[in-house]
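Here is the structure we will look at, set down as structure tokens.
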Amino acid sequence: MKLELRGITKTFGTLVANDHIDLTVEAGEIHCLLGENGAGKSTLMNVLYGLYQADGGEILLDDRVQSFAGPGDAMRAGIGMVHQHFMLIPVFTVAENVMLGHEETRFGGRLDLPAARAKVREISDRFGFDVDPDALVDDLPVGVQQRVEIIKALSRDARVLVFDEPTAVLTPQETDELMAIMRQLKESGTSIVFITHKLREVREVADRITVIRLGKVVGEASPTASNAELASLMVGRAVELTVQKDAPQLGDPALVVQGLTVVDPIGQLVVNDVSFEVRRGEILAVAGVQGNGQTELTEALVGLQPRVRGSMRLDGNELNGDSVRSILDAGVGFVPEDRKEDGLVAEFSIAENLMLDRAEGAPFVKGGNLQLATLAEFAEEKVAEYDVRTPSIETKVGRLSGGNQQKVVLARELSRELRLLVAAQPTRGVDVGSIEFIHKRIVETRDSGVPVVVVSTELDEVTALADRIMVMYRGKVVGIVPGDTPRETLGLMMAGEAPNPEGAAA
């Protein structure tokens, strides 16, 4: 089925999310929609799927204009979507999830589960998915859950499939399997729109590439285009994709963690007996699929988790049991994974956000009075140093782009005298240009002798920054390996397979 979007425009108040976007996807084609977070990709696909109503433009399928009042209309027309965050009921079986919303009944009004099971088996066998229709979704690995989402769409005769950032929660091996599935779907005649911001995946699977920046189509590219060419289209300038770093100048162990255990509010172990150390002048990257204890680990390091056992010693001083305030005052810098929730106050100015963790004394407060001139001078200096794009230091930080917000967090944390930097998902939701800048700053911090813990679900980021890599799976450490460990080995470790002594997965 041929899909055509003509002049699609979608606004939210004064924000123009989609600005007269044209896109054509031929039958049996994998068309990649490439752009940074916030570029307007997902909004465009939500218009296609009937979740949003466009303010202008039209949707055509096989040259016929369509009108979708909701997702039901889109599905009936042959459009399916595999969302970034799966739309599955964990306590239902695969067959129950597949039939949900499209229930067939037998005599007496009973649900026709045998028909749903047969449909799952038929699609699974056709594409080699190996999915048990009677398995509980909650018991399935993430990669298999994604196959269930694909089966759901195909069971409703989808001939255009939209994959919205489908690899965000997958291991590298699961990503490779998904790429193979997409090629199979293409060969069967299904048209695919693949939304992503990951350049390697685009070049691997796309037939054509459309690049969106700030809500507009800025160009088309061939899969043979280099990463640098694609990145410059996304950002609008040349970008250095790989941070340059020398061999680490290692000092003594600075952070020593032993037997760290974190229990969540319902009593589950989310970090289970974790031990590691980080030396001065070293970046330890913590890798793993999201939800394997990394968030709770970083929160424990800065005092944000209330139920923590074990030891966390920084330069010989125990941190476990200290308040967040005491830990920050001890020289720990913290870049949280959710900057809007934990790193910034949206309604405060840039200048005010830059002093958030130093609001109780010199240089910004003296005798209970805020030193406005000192704060303004400091803020102007950091805005220039960190290239924060803003009309004024008095601009509310909530009005900045994601990349500029992250630069404000980084500027605040790195402007103190640090003994440890903990950076969780430091480039989540920022553009390629800001990634380049943030990576350089993290490496500079390491080169100054400060130990750094970076937590990231982006394997490219992990391998770019790490001197050593600690992989977590279900709250435990699978292994700690050198920073140049192959991606394939790291992928197996992210699925829970321990490495052998030579660093290759067993």
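Because the structure is predicted, anything quoted here is derived from the model rather than measured. Quick note: numbers below take in every heavy atom, side chains included, and nothing from hydrogens, waters or symmetry partners.
Between R280 and D315, at least one side-chain N (NZ, or NE/NH1/NH2) sits under 4.0 Å from a carboxylate O, which counts as a salt bridge. Using a cutoff of 4.0 Å between basic side-chain nitrogens and carboxylate oxygens, R441 and E413 are not scored as salt-bridged. The pair K198-D460 does not meet the salt-bridge criterion, since no charged nitrogen lies less than 4.0 angstrom from a carboxylate oxygen. Under the 4.0 Å criterion applied to side-chain N and carboxylate O atoms, R468 and E282 are assigned as salt-bridge partners.
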TODO: Just do the side-chain hydrogen bond (donor to acceptor under 3.5 Å, both in side chains) check on D164 and S42 with the steps written out, would you?
DONE: CA-CA 7 Å; D164 187 2; S42 293; 3.1 Å; yes

- [ ] For T427 and E461, run side-chain hydrogen bond (donor to acceptor under 3.5 Å, both in side chains): C-alpha distance rounded to whole Å, both residues' side-chain angles, the deciding distance at 0.1 Å, then the answer.
- [x] CA-CA 9 Å; T427 59; E461 180 164 68; 2.5 Å; yes

- [ ] Report the C-alpha distance between S415 and R358 in whole Å, list the side-chain angles of each, state the deciding distance to 0.1 Å, and finish with yes or no for side-chain hydrogen bond (donor to acceptor under 3.5 Å, both in side chains).
- [x] CA-CA 11 Å; S415 62; R358 282 184 284 180; 2.7 Å; yes

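Here the side chain of N353 pairs no donor or acceptor atom with the backbone of I350 at under 3.5 angstrom. Without hydrogens or angle criteria, E341 side chain to D338 main chain gives no donor-acceptor distance under 3.5 Å.
Under the side-chain contact (heavy atoms from CB on, under 4.5 Å) rule, V137 has a single partner from I89, T93, N97, V144, which is N97.
Shown here for L375 and A351, the closest heavy-atom pair between the two residues is CD1-O, 3.4 Å.
Around atom CD of E444, more than 12 heavy atoms belonging to other residues, nucleotides or ligands sit under 6.0 Å away. Within a 6.0 Å radius of CZ in F127, other residues, nucleotides and ligands contribute more than 12 heavy atoms. Within 6.0 Å of CD on Q249 lie no more than 12 heavy atoms contributed by other residues, nucleotides or ligands. Surrounding CG of L214 are at most 12 heavy atoms belonging to other residues, nucleotides or ligands under 6.0 Å away. Atom CZ of R183 is surrounded by more than 12 heavy atoms from other residues, nucleotides or ligands within 6.0 Å. For CZ of R474, the number of neighbouring non-hydrogen atoms (other residues, nucleotides, ligands) closer than 6.0 Å is 12 at most.
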Pairs of donor and acceptor atoms involving the side chains of residues 319-332, under 3.5 Å and at least two apart or interchain, shall be tabulated with distances.
| residue | atom | partner | partner atom | Å |
| --- | --- | --- | --- | --- |
| N320 | ND2 | G310 | O | 2.8 |
| S323 | OG | S326 | N | 3.1 |
| S323 | OG | S326 | OG | 3.0 |
| R325 | NE | D329 | OD1 | 3.3 |
| R325 | NE | D329 | OD2 | 3.4 |
| R325 | NH2 | D329 | OD1 | 3.1 |
| R325 | NH2 | D357 | O | 2.9 |

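Pairs of residues two or more places apart, or lying in two chains, never qualify as ring pair (Phe, Tyr, Trp, His ring centres under 6.0 Å) while including a residue from residues 282-327.
With contacts defined as side-chain heavy-atom distances shorter than 4.5 Å, the pair T295/Q290 qualifies.
With a 6.0 Å cutoff to the six-membered ring centre and a 45° limit on the axis angle, K396 does not count as a cation-pi contact of F348.
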